[in-house]
Amino acid sequence: DYRGTVVSLGAEDMFQPGRADLRPTVWPFLDDLLDLAVEHRALVSVEAHTDGTPINSARFPTNDHLSAGRGLAVLRYMKGARPELTDERLEVVPRGDTRPRTVNSSAAQRRKNRRVELVFSATPQDFRPRN
């Protein structure tokens with residue numbers, strides 16, 4: 001889309017409900033994506049989304065906190081797996097429940113809203129005006 005190449009991953013595949021610990025089963029898939037990001041010198045934005053169901057745990061008092069924790073977990077994995085992805089090339093954007101794909105009126109709809117989107121975009125080129 002307008003942001004770049006977007007890969008959307010369901011949160012259930014990546015995390016246990018209400019948690020921000022990255023499941024090891026997703027590591028090989030992330031490794032493949034990171035290989036491409038390194039090869040193409042891409043910038044990577046990790047956008048973490050939740051559904052609209054309120055959360056109130058000691059660790060995550062709101063959905064914003066949960067999405068930030070999940071985004072940071074993905075970022076930490078990326079930096080550990082591919083040190084060449086420097087801070088200048090990575091960012092986390094916790095979206096919470098602010099950008100749902102659909103309404104939150106059923107379990108299936110809420111499941112679609114719980115996701116992590118990895119947005120790959122081109123590295124900015126040096127701008128040199130023509131003389």
Quiz item: Between CG of Leu75 and CG of Leu118, what distance do you get to the nearest 0.5 Å?
Solution: 10.5 Å

Quiz item: If you look at every heavy atom in His49 and Glu47, which pair is closest and at what distance?
Solution: CD2-O, 3.4 Å

Quiz prompt | With Asp1 via side-chain contact (heavy atoms from CB on, under 4.5 Å) - residues at least two apart | solution = Arg3, Val6

Quiz prompt | Partner residues of Asp32 under the salt bridge (Lys or Arg N to Asp or Glu O under 4.0 Å) criterion, sequence neighbours left out | solution = none

Quiz item: Nearest 0.5 Å, what's the OG-NE2 distance between Ser121 and His40?
Solution: 13.5 Å

Quiz item: Who pairs with Ser57 by side chain to side chain donor-acceptor pair (under 3.5 Å), at least two apart in sequence or on another chain?
Solution: none

Quiz prompt | Under the salt bridge (Lys or Arg N to Asp or Glu O under 4.0 Å) test, residues paired with Arg110 that sit two or more places apart | solution = none

Self-check item: Partners meeting side-chain contact (heavy atoms from CB on, under 4.5 Å) with Gln16 (sequence neighbours left out)
Solution: Arg19, Arg23

Self-check item: Atom of Phe120, atom of Ala37 and distance for their closest heavy-atom approach
Solution: CE2-CB, 3.8 Å

Practice problem: Of all the heavy-atom pairs spanning Phe15 and Asp21, show the shortest one and how long it is. | Solution: CD2-O, 3.5 Å

Exercise. Hey, could you give me the OG1/CG distance between Thr5 and Leu33, rounded to the nearest 0.5 Å?
Key: 10.5 Å

Quiz item: So which heavy atom on Leu34 is nearest to which on Ala81, and how close?
Solution: CD1-CB, 4.0 Å

Quiz item: Which atom names give the shortest non-hydrogen contact between Gly80 and Pro83, and what distance separates them?
Solution: O-CD, 4.2 Å

Quiz item: In chain order, what residues pass the side-chain contact (heavy atoms from CB on, under 4.5 Å) check against Glu88, with sequence neighbours excluded?
Solution: Thr86

Quiz prompt | Linked, directly or transitively: Leu22 and Leu85 (ILVMFWY side chains, under 4.5 Å) | solution = yes

Quiz item: Run the side-chain contact (heavy atoms from CB on, under 4.5 Å) check on Leu90 and Val46 step by step: do they pass?
Solution: CA-CA 8 Å; Leu90 298 170; Val46 179; 5.9 Å; no

Quiz prompt | Residues that Asp13 engages under salt bridge (Lys or Arg N to Asp or Glu O under 4.0 Å), provided they are two or more places apart | solution = none

Practice problem: Please check if Phe29 and Leu36 belong to a single hydrophobic cluster, counting links between Ile, Leu, Val, Met, Phe, Trp and Tyr side chain heavy atoms closer than 4.5 Å. | Solution: no

Quiz prompt | Any residue meeting side chain to side chain donor-acceptor pair (under 3.5 Å) with Ser106, in chain and number order, not counting sequence neighbours | solution = Gln109

Self-check item: side chain to side chain donor-acceptor pair (under 3.5 Å) partners for Asn104, two or more places apart
Solution: Asn113

Quiz item: Any ion pair linking Arg99 and Glu117 (charged N to carboxylate O, less than 4.0 Å)?
Solution: no

Quiz prompt | Hphob cluster co-occupancy, Val7 + Val44, side-chain heavy atoms under 4.5 angstrom | solution = yes

Quiz prompt | Within one Ile-Leu-Val-Met-Phe-Trp-Tyr cluster: Val119 and Leu72, side-chain cutoff 4.5 Å | solution = no

Self-check item: side-chain contact (heavy atoms from CB on, under 4.5 Å) evaluation trace for Asp87 with Lys79
Solution: CA-CA 8 Å; Asp87 289 342; Lys79 289 178 75 168; 2.4 Å; yes

Self-check item: All salt bridge (Lys or Arg N to Asp or Glu O under 4.0 Å) counterparts of Asp51, not counting sequence neighbours
Solution: Arg114

Quiz item: With the threshold set at 4.0 Å, does a side-chain nitrogen-carboxylate oxygen contact exist between Asp64 and Arg95?
Solution: no

Quiz prompt | Heavy-atom pair of closest approach, residues Ala73 and Ala20 | solution = CB-O, 3.1 Å

Exercise. May I have all residue pairs that pass side chain to side chain donor-acceptor pair (under 3.5 Å) and include part of residues 67-77, sequence neighbours excluded?
Key: Asp31-Tyr77

Quiz item: According to a 4.5 Å side-chain heavy-atom criterion applied to Ile, Leu, Val, Met, Phe, Trp and Tyr, with indirect links allowed, do Ile55 and Met14 form part of one hydrophobic cluster?
Solution: no

Quiz item: With a 4.5 Å heavy-atom cut-off, do Leu9 and Arg115 have their side chains touching?
Solution: no

Quiz item: Residues in side chain to side chain donor-acceptor pair (under 3.5 Å) with Asp97, at least two apart?
Solution: none

